[in-house]
Chemist: 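Sharing a structure, written as structure tokens. Questions coming.
Letters A, B, ... mirror the listed sequences (proteins, then strands); counts begin at 1.
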There are 2 protein chains.
Amino acid sequence: MKWDTLDEEPCSLSRTVAVVGDRWTLLILRECFLRVRRFEAFQSSLQITRHLLSERLKKLVRFGILRRVPYSEAPKRYEYILTQKGLDLYPVIMAMVHWGDTHMGDERGRPLLHEHKSCGKLFDPVMVCSECGDVLHAKQVHVHAGPGRKEAVG
Amino acid sequence: MKWDTLDEEPCSLSRTVAVVGDRWTLLILRECFLRVRRFEAFQSSLQITRHLLSERLKKLVRFGILRRVPYSEAPKRYEYILTQKGLDLYPVIMAMVHWGDTHMGDERGRPLLHEHKSCGKLFDPVMVCSECGDVLHAKQVHVHAGPGRKEAVG
DNA sequence: GGCTATAGTTCTAAAATAGAACTGTCAAAC
DNA sequence: GTTTGACAGTTCTATTTTAGAACTATAGCC
């Protein structure tokens, strides 16, 4: 497998995996959604090596998920802020958090609780069909080849 | 970071990442949801090395995401089938697919289209609040430390 | 007996990651 | 005006993972 061209595969999962499909990237994104923005803050809360953190941040900026924004001119210092493309990864992160809550919990209870500001309640994220609003289950979904697949396969 | 104890961290994302947080595992799960079940089938559709495929399948079985079920007695042959715990990863996979559709598309159009059998329409997955049913956005969510975090932190 | 199918295991080379030390800029403290 | 400390990285070597190919094992079929 050539990971360097994975983002061009005719498969949206492959393309997403090419960008966020490794441990550190997902953990960095968690921190982003927890409002962490600075190099030192990522490093100390994740205990990631500085080398890898630097690499991963560059990659996230390259793919347009984070923006590198100066917050100090002298010395030049930057922070990393989620773009809209990055914010749109929220369902991915929340789906993983919810699966962890459901299947990887221990006797201590949930690590984090999520409150929905607009309704004021603690909630779980639920994935529904955009058309009928029903909860989605794998067995109720039928997959068709779309135009992008047909063109690629021939 | 000690990846071998990541599944015990007081963070549901870490725990999920410990299990499915690498490229190959996510791609293998995609195949599972496309009804692939056998070693050779995974290997030829993913072009993964046999060694890694073997490792990843063992790990997914160990974590209860796949079951190794015999389908032939002589010679002994097994296939790998999603458990309920595995099926529950559907929102994670679909969230990634949808993000890829939205942000990593090219001029060829979507690789795959999803049809919801119960309503008969082509759909996108949408993440909503379990309490009020509204679409979730990162900025409308407030995070609290839960019991599992408080106990771990002290 | 030889060929094929399936599900692996074993081996070496290449790539990625860990861990620690080092660089450079500037502010504030002494 | 020299030292200290904060911040955001880069560079280096050692270890771990992954890639790629070859090999093993069981059994059916010709």
Chemist: Between B:Glu131 and A:Lys121, is a salt bridge (Lys or Arg N to Asp or Glu O under 4.0 Å) present by the stated rule, with each step listed?
Modeler: CA-CA 7 Å; B:Glu131 304 309 306; A:Lys121 295 189 184 146; 5.1 Å; no

Chemist: Whole Å only: how far is the CG atom of A:Asp4 from the C1' atom of C:dA15?
Modeler: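 After rounding, the gap between these two atoms is 12 Å.
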
Chemist: Between B:Tyr78 and B:Arg68, is there a cation-pi geometry (under 6.0 Å to ring centre, at most 45° from the normal)?
Modeler: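 Pair B:Arg68/B:Tyr78 counts as cation-pi.
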
Chemist: Rounded to whole angstroms, how far apart are CG on A:Leu52 and P on C:dA15?
Modeler: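 One finds 17 Å between P of C:dA15 and CG of A:Leu52, rounded.
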
Chemist: For salt bridge (Lys or Arg N to Asp or Glu O under 4.0 Å), just list the numbers for A:Arg15 and A:Asp7, CA-CA rounded to whole Å, side-chain angles, deciding distance to a tenth of an Å, and then say yes or no.
Modeler: CA-CA 4 Å; A:Arg15 292 176 189 168; A:Asp7 58 324; over 6 Å; no

Chemist: Within the structure, does a side-chain N or O atom of B:Trp3 lie under 4.0 Å from either OP1 or OP2 of C:dT17?
Modeler: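 Indeed not, no polar side-chain atom of B:Trp3 lies that close.
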
Chemist: Quick one: do A:Arg108 and B:Glu8 make a salt bridge, cutoff under 4.0 Å?
Modeler: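 Between B:Glu8 and A:Arg108 there is no salt bridge, as every charged N stays at least 4.0 Å from the carboxylate O atoms.
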
Chemist: Could you tell me how far apart B:Gln43 (CD) and D:dG20 (P) are, to the nearest whole angstrom?
Modeler: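 From B:Gln43 CD to D:dG20 P: 11 Å.
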
Chemist: Under the salt bridge (charged side-chain N to carboxylate O under 4.0 Å, His left out) test, which residues partner B:Asp88, sequence neighbours left out?
Modeler: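 Partners of B:Asp88 under the salt bridge (charged side-chain N to carboxylate O under 4.0 Å, His left out) test: none.
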
Chemist: In whole Å, I'd like the distance from the CG atom of B:Leu53 to the C1' atom of C:dT9.
Modeler: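 Answer to the nearest Å: 13 Å.
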
Chemist: Give me, pair by pair, the N or O atoms of the protein and of nucleotides 4-12 of chain D that are less than 3.5 Å apart, along with how far apart they are.
Modeler:
residue: D:dC7; atom: O3'; partner: A:Tyr71; partner atom: OH; Å: 3.2
residue: D:dC7; atom: O2; partner: A:Arg77; partner atom: NH1; Å: 3.1
residue: D:dC7; atom: O2; partner: A:Arg77; partner atom: NH2; Å: 3.1
residue: D:dA8; atom: OP1; partner: A:Tyr71; partner atom: OH; Å: 2.6
residue: D:dA8; atom: OP1; partner: A:Tyr78; partner atom: O; Å: 3.4
residue: D:dA8; atom: OP2; partner: A:Glu40; partner atom: N; Å: 3.3
residue: D:dA8; atom: N7; partner: A:Glu40; partner atom: OE2; Å: 2.9
residue: D:dA8; atom: N7; partner: A:Arg50; partner atom: NH2; Å: 2.8
residue: D:dG9; atom: OP1; partner: A:Arg68; partner atom: NH2; Å: 3.0
residue: D:dG9; atom: OP2; partner: A:Tyr80; partner atom: OH; Å: 2.6
residue: D:dG9; atom: N7; partner: A:Arg50; partner atom: NE; Å: 2.8
residue: D:dG9; atom: N7; partner: A:Arg50; partner atom: NH2; Å: 2.9
residue: D:dG9; atom: O6; partner: A:Arg50; partner atom: NE; Å: 3.0
residue: D:dT10; atom: OP2; partner: A:Ser54; partner atom: OG; Å: 2.6
residue: D:dT10; atom: OP2; partner: A:Lys58; partner atom: NZ; Å: 3.2

Chemist: Considering every strand and a 4.0 Å limit on heavy-atom distances, what is the contact class for A:Arg56: base, sugar-phosphate, or nothing?
Modeler: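 A:Arg56: backbone/sugar contact only, no base atoms under 4.0 Å.
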
Chemist: Please report the distance, rounded to the nearest Å, between CD in B:Glu73 and P in C:dT6.
Modeler: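 My rounded result for the distance is 18 Å.
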
Chemist: Between A:Trp99 and A:His103, what is the ring plane arrangement, given parallel below 30°, perpendicular above 60°, and tilted in between?
Modeler: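 Ring orientation, 0 to 90° scale: tilted.
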
Chemist: For A:Leu27 and C:dT17, give me the distance from atom CG to atom P, rounded to whole Å.
Modeler: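 Whole-Å distance recorded here is 13 Å.
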
Chemist: Working note: B:Glu79 + B:Arg38, criterion salt bridge (Lys or Arg N to Asp or Glu O under 4.0 Å); need CA distance, chi angles, decisive distance, verdict.
Modeler: CA-CA 5 Å; B:Glu79 51 189 13; B:Arg38 300 190 181 173; 2.9 Å; yes

Chemist: Under 6.0 Å between the ring centres of B:His114 and B:His116?
Modeler: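 No, too far apart.
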
Chemist: Please write out each protein N/O paired with an N/O of nucleotides 1-4 of chain C under 3.5 Å, distance rounded to 0.1 Å.
Modeler:
none

Chemist: Evaluate the salt bridge (Lys or Arg N to Asp or Glu O under 4.0 Å) criterion for residues B:Arg56 and B:Asp22: first the C-alpha distance (whole Å), next the side-chain angles of each, then the deciding distance (0.1 Å), finally the verdict.
Modeler: CA-CA 10 Å; B:Arg56 290 293 190 273; B:Asp22 73 281; 2.9 Å; yes

